[in-house]
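Here is how names work: the chains are called A, B, and so on, in the same order as the sequence lines, proteins then strands, and each is numbered from 1.
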Protein chains: 2
Amino acid sequence: MSRTRKAQRQQGLVELLASDPFFTDQELAEHFQVSIQTIRLDRLELGLPELRERVKHVAEKAYGRVKSVASSDIIGDLIEINLDKSGISVLDTDTSMGFANSNVVRGHHIFAQANSLAVALVDAPLALTGSAEIRYLNPVKTGERIVAKAYVLQVQGKKRIIRVESFVRERQVFQGEFILFCRENITQG
Amino acid sequence: MSRTRKAQRQQGLVELLASDPFFTDQELAEHFQVSIQTIRLDRLELGLPELRERVKHVAEKAYGRVKSVASSDIIGDLIEINLDKSGISVLDTDTSMGFANSNVVRGHHIFAQANSLAVALVDAPLALTGSAEIRYLNPVKTGERIVAKAYVLQVQGKKRIIRVESFVRERQVFQGEFILFCRENITQG
DNA sequence: TTCATCCTAGTAGCTGCTCTTAATAGCTAG
DNA sequence: CTAGCTATTAAGAGCAGCTACTAGGATGAA
């Protein structure tokens, strides 16, 4: 009974905030007939940000502040690079990279960091991604710092196979294997 | 002289906040090289609301317009959606999405469009990408319009398998298979 | 000199949180 | 029956970004 109640309330909470982000914890507590603490626990479990963050996110979107995906060549900061061997980049996430109604970072930002690190690793004027197999292992919350490590596994002429693993502290959040091609035999970057 | 300074500052303040409402008093004080108190007096005299109120107003305005679909979470424009079935989105690329030294669109933009379309397809308040297998089939040049088509292949409880194919005119440029999870069993979005 | 204006400073209090620790009730498996 | 678990509530410290108020120093004009 009680686990049903909790699950129902949490689902209701997600839907309610998705439909209207302007509720305070106080109002939510009254709506669901529980204490403020319970609402805060729920938000914590569900990764739902506080009122001010939700409002800010809506406003930032309206203002076009949200980065769809940054336009610089490298997403994140390159802190180490060994051309055709290995490299590390760091990406500090922020609320603009999360979903509107939760503080979980959207996957394509994590992908973008990994992909651009892989591309940067290749010792060629132009490298393009041919294909990739990726896996998201753990959610990343906005504000967390993602460290991506990349290793070149194989070099075959114009083709490179690169493995990227991304971490938040000790927790692995992403892994991917990218197949890149250099120069003219373009597929995509 | 000093009345000029004050008048100038206040005019600058109004203009600055009109162009970007996201400054704190602290930041404004630094910008105008005065104390926080002066900024607060200025805001008081000019009837300018505090940061949180400004942000809230922007959010409330924006909220009236968008609402129905959380479509601004989508990279590209959603032009058709059939929840849990299929959807189409369009992304107009521009030079900011290309590599610095070539007019080829960077892969993560294409991925972002496909990924966010897949997420939007799922009929749940929160869906996250678990893994994906993707392939870049042809390069996209900056300025080209990418049309992404997505189909839900499988629904298994909280799991969805979604196929996305992206085209520039008749030319297919991308394909991907995404495995998404709804709500709690979070991996990544 | 005196006075008003401008600016700075400090304090108290507010809202809506976060983070931490702890206590309580109810259920469940050994 | 008891130990351990989950769900809930509570209490306290602290924070950001304010409002509102009081007070004092600096500057320029009369």
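Between A/L41 atom CG and D/dT8 atom P there is a gap of 9 Å when expressed in whole angstrom units. If you measure from atom CD of B/Q37 to atom P of D/dA23, you get 16 Å, rounded to the nearest angstrom. A straight line from CD1 of B/I39 to C1' of C/dA9 spans 15 Å, rounded to a whole angstrom. Between the CZ atom of A/R5 and the C1' atom of C/dA25 there is a distance of 12 Å, rounded to whole Å. One can place CD of B/Q8 at 15 Å from C1' of C/dC6, the figure rounded to the nearest angstrom. For A/L44 and D/dT6, the CG to P distance is 16 Å, given to the nearest whole Å. Between the CZ atom of A/F32 and the P atom of D/dT8 there is a distance of 12 Å, given to the nearest Å. Atom C1' of nucleotide D/dG17 and atom NZ of B/K56 are separated by 15 Å, given to the nearest angstrom.
Geometric assessment of A/R106 against the ring of A/F99 yields a positive cation-pi assignment under the 6.0 Å and 45° thresholds. Cation-pi contact between A/K85 and A/Y151: absent, since separation from the ring centre below 6.0 Å together with deviation from the ring axis within 45° is not met. Seen from the ring of B/F178, B/R163 does not count as a face-on cation partner, given the 6.0 Å and 45° thresholds.
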#### Entry: Letter per nucleotide, 5' to 3', of nucleotides 13-18 of chain C [B base touched, S only sugar-phosphate touched, - untouched; heavy atoms, 4.0 Å]
--BBBB

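A/E50 has no carboxylate O lying under 4.0 Å from a charged side-chain N of A/K56, or vice versa, which leaves the two without a salt bridge.
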### Query
Between A/E45 and A/K6, is a salt bridge (Lys or Arg N to Asp or Glu O under 4.0 Å) present by the stated rule, with each step listed?
CA-CA 11 Å; A/E45 285 176 17; A/K6 182 184 179 183; 3.2 Å; yes

### Query
After noting the C-alpha distance and the side-chain angles of A/R135 and B/E133, does the key distance pass the salt bridge (Lys or Arg N to Asp or Glu O under 4.0 Å) rule?
CA-CA 9 Å; A/R135 194 148 304 184; B/E133 228 170 276; over 6 Å; no

#### Entry: salt bridge (Lys or Arg N to Asp or Glu O under 4.0 Å) between A/K149 and A/E80, intermediate numbers included
CA-CA 9 Å; A/K149 301 177 184 180; A/E80 191 193 303; over 6 Å; no

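Between the side chains of B/S166 and B/Q113, no donor N or O sits under 3.5 Å from an acceptor N or O. Side-chain contact check for A/T129 and A/N115: at least one donor-acceptor pair (N or O, by modelled atom type) lies under 3.5 Å.
At C/dC7, none of the side-chain N or O atoms of B/S35 fall inside 4.0 Å of OP1 or OP2 (strictly under the cut-off).
Of the residues in residues 12-22 of chain B, not one comes within less than 4.0 Å of DNA chain C through any heavy atom.
Within 4.0 Å of B/I36, counting heavy atoms only, lies no atom of the nucleic acid at all.
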